[in-house]
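Before any comments, here is the structure.
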Amino acid sequence: MARILIIEDNPANIELMSFLLGAYGHSPLSAADGPRGVAAARSERPDLIACDVNLPGMDGFAVLAALKTDPSLSGVPILAVTALAMAGDREKVLAAGFDGYISKPIEPESFVAELEAFLAAAPAVSPAVAPAAASAPAARPVPAQGPSTAPEERTLLLVDDDRFMLGVLNDMLVGQPYRILSACSGEEALDVLDHEAVEVILCDQAMPGMRGTEVLARAAERYPKTVRLMLSGQPDLSEIEAAIASGVADGHYVKPLGARTLRERIDEAFRLQSQRAAA
C-alpha cells in the first residue's frame with residue numbers, strides 16, 4: 001500500500017482519484033493548489049505525487065521545480081496530470097522533469113495501474129474487487145405490486161447521481177449475500193422504496209435536486225425500520241451531522257472507502273436492521 005499525493009484544484013477529480021486509490025488499498029492525500037501541494041509533499045513524504053499541470057497561480061511546472069530542489073523528495077516520482085491537448089505537450093512535460101504523465105480525462109479502469117507503474121519496486125496492489133468501468137449500470141428494478149422480496153432475502157439500495165460511482169460500489173460488493181439495487185437520484189430512490197422491500201440504504205449527499213439528507217428523511221418517515229447511511233466526500237458535514245443527531249441517518253462514511261471496510265459496514269447495517277425489525 002502506497003501513500004499517494006494528488007495536487008488538483010478540481011474537487012470532482014480529487015474525489016474520483018481518491019476513491020479509486022482507496023479501493024485499491026492505497027492511502028490518498030490531496031491538496032487543492034500548488035503551495036499546499038508543496039507543503040503537503042514536504043510534511044507527508046508520500047510515495048508518489050500526481051500533480052495537475054494547469055493549476056491556478058502556482059502551476060504544475062512551478063510545483064515540480066519546488067519539489068525537485070528538496071533532497072528529501074529526490075526519490076519520489078512526480079507525475080503530471082494533463083489533457084496533453086496541444087502538439088508538443090508530452091515532450092514539454094517530460095523535458096520539464098516530470099517522471100511521467102497521466103492523461104485527462106481519467107480512465108477509471110486503468111488509472112491506478114498507471115500510477116502503480118511508477119512506484120519504485122512496489123508490487124501492484126489489487127482491490128478485493130476491481131472497480132467497474134464508467135458504463136456500469138444503475139440497476140433499476142421492475143416495479144411490483146408490493147414488496148416482493150422473499151423473507152430470507154435482504155436488499156441494499158445504493159443512491160448516487162454518478163453512475164460510475166454506482167458501478168464501483170456494486171463491484172466492491174459483488175458476491176455478498178444480499179441483493180443490490182441502485183438509483184441515480186433521490187426521486188428514483190423513493191420510487192424504488194415504494195416498490196421494493198429494502199433493509200439498508202447507502203446514499204450520497206451531494207446530488208442535484210434532492211440532497212441525500214432529504215432522501216433519508218423521507219425514507220425514515222415512510223420506512224422507519226430501514227437503516228439509512230450516508231457516504232460522502234464533501235468537507236461540509238453540517239447537514240449530515242444534523243441528520244444523524246435527529247435520527248434521520250444512522251451513520252456517515254467518508255469517501256474513499258475500501259472494499260473490505262465497505263462490506264464490513266454494510267454487514268453491520270444489516271445486523272442493526274434485524275434488531276430494529278424485531279423490536
Side-chain angles (χ1 to χ4, degrees), residues 1-84 90 92-128 130-131 168 172 232-235 253-262:
M1 182 172 68
R3 299 169 70 249
I4 298 175
L5 173 61
I6 301 164
I7 307 175
E8 166 68 66
D9 64 313
N10 186 316
N13 287 342
I14 290 178
E15 182 176 350
L16 173 58
M17 290 188 278
S18 296
F19 196 100
L20 291 168
L21 290 169
Y24 277 80
H26 297 296
S27 296
L29 310 167
S30 65
D33 58 40
R36 279 184 281 186
V38 172
R42 289 171 174 167
S43 62
E44 299 293 339
R45 305 291 170 83
D47 300 301
L48 184 144
I49 300 168
C51 182
D52 182 25
V53 169
N54 297 314
L55 294 169
M58 185 182 193
D59 67 12
F61 294 103
V63 170
L64 174 71
L67 296 180
K68 287 294 186 180
T69 62
D70 190 331
S72 66
L73 297 171
S74 60
V76 178
I78 305 175
L79 308 182
V81 181
T82 173
L84 297 173
R90 174 182 175 182
K92 180 181 178 182
V93 161
L94 298 177
F98 282 101
D99 296 288
Y101 62 88
I102 303 294
S103 297
K104 285 185 177 181
I106 297 300
E107 294 290 342
E109 62 270 21
S110 61
F111 170 70
V112 176
E114 290 180 70
L115 264 64
E116 287 176 337
F118 291 91
L119 291 171
V125 180
S126 297
V168 170
M172 292 170 87
S232 176
Q234 66 180 51
Y253 305 117
V254 178
K255 295 178 181 178
L257 199 63
R260 180 176 179 178
T261 302
L262 177 64

Next on the checklist: On a heavy-atom basis, which atom in Pro46 and which in Val76 lie closest, and how many Å separate them?
Outcome noted: O-CG2, 3.4 Å
Item to check | Shortest non-hydrogen separation from Leu119 to Ala2 and the atoms involved | outcome: CD1-CB, 3.8 Å
Next on the checklist: Tell me whether Asp47 contacts the main-chain N or O of Arg3 through its side chain, where contact means a donor paired with an acceptor under 3.5 Å.
Outcome noted: yes
Checklist entry - Side chains of Val112 and Leu21: does their closest heavy-atom pair fall under 4.5 Å? => result yes
Item to check | Euclidean distance, Phe61 CZ relative to Asn54 CG, rounded to 0.5 Å | outcome: 8.0 Å
Item to check | Close side-chain approach of Met58 to Asp33, heavy-atom, < 4.5 Å | outcome: no
Checklist outcome for this item: Rounded to the nearest 0.5 Å, the OG atom of Ser30 sits from the CD atom of Glu15 at a distance of 11.0 Å
Checklist entry - What distance do Ile102 atom CD1 and Phe118 atom CZ have between them, rounded to the nearest 0.5 Å? => result 6.0 Å
Item to check | Spatial distance of atom NE2 (His26) from atom CG (Leu115) [nearest 0.5 Å] | outcome: 8.0 Å
Next on the checklist: Do Met17 and Pro28 have side chains that approach each other closer than 4.5 Å (heavy atoms only, starting at C-beta)?
Outcome noted: no
Checklist entry - Side-chain contact, heavy-atom cut-off 4.5 Å: Ile49 with Val63? => result no
Item to check | Shortest non-hydrogen separation from Ala80 to Val93 and the atoms involved | outcome: CB-CG1, 3.5 Å
Next on the checklist: Ignoring hydrogens, what is the shortest heavy-atom contact between Leu94 and Gly100? Give both atom names and the distance.
Outcome noted: CD2-CA, 4.0 Å
Next on the checklist: If you define the side chain from C-beta out and look only at heavy atoms, does anything of Met1 sit under 4.5 Å from Ser27?
Outcome noted: yes
Next on the checklist: Nearest 0.5 angstrom please: Asn10 CG to Asp52 CG, how far?
Outcome noted: 8.5 Å
Checklist entry - Taking side chain as C-beta onward, heavy atoms only, is Leu79 less than 4.5 Å from Phe98? => result no
Item to check | All side-chain contact (heavy atoms from CB on, under 4.5 Å) counterparts of Arg42, not counting sequence neighbours | outcome: Val38, Ala66, Thr69, Asp70, Leu73
Checklist entry - Can you name the closest pair of heavy atoms from Asp9 and Pro56 and give their distance? => result OD2-CD, 3.6 Å
Item to check | Sub-4.5 Å side-chain heavy-atom contact between Cys51 and Leu64 | outcome: no
Checklist entry - What do the steps show when you test Asp99 against Lys68 for salt bridge (Lys or Arg N to Asp or Glu O under 4.0 Å), and what is the final call? => result CA-CA 11 Å; Asp99 296 288; Lys68 287 294 186 180; 3.6 Å; yes
Item to check | Rounded distance (nearest 0.5 Å) linking atom CD1 of Ile7 with atom CD1 of Ile78 | outcome: 8.0 Å
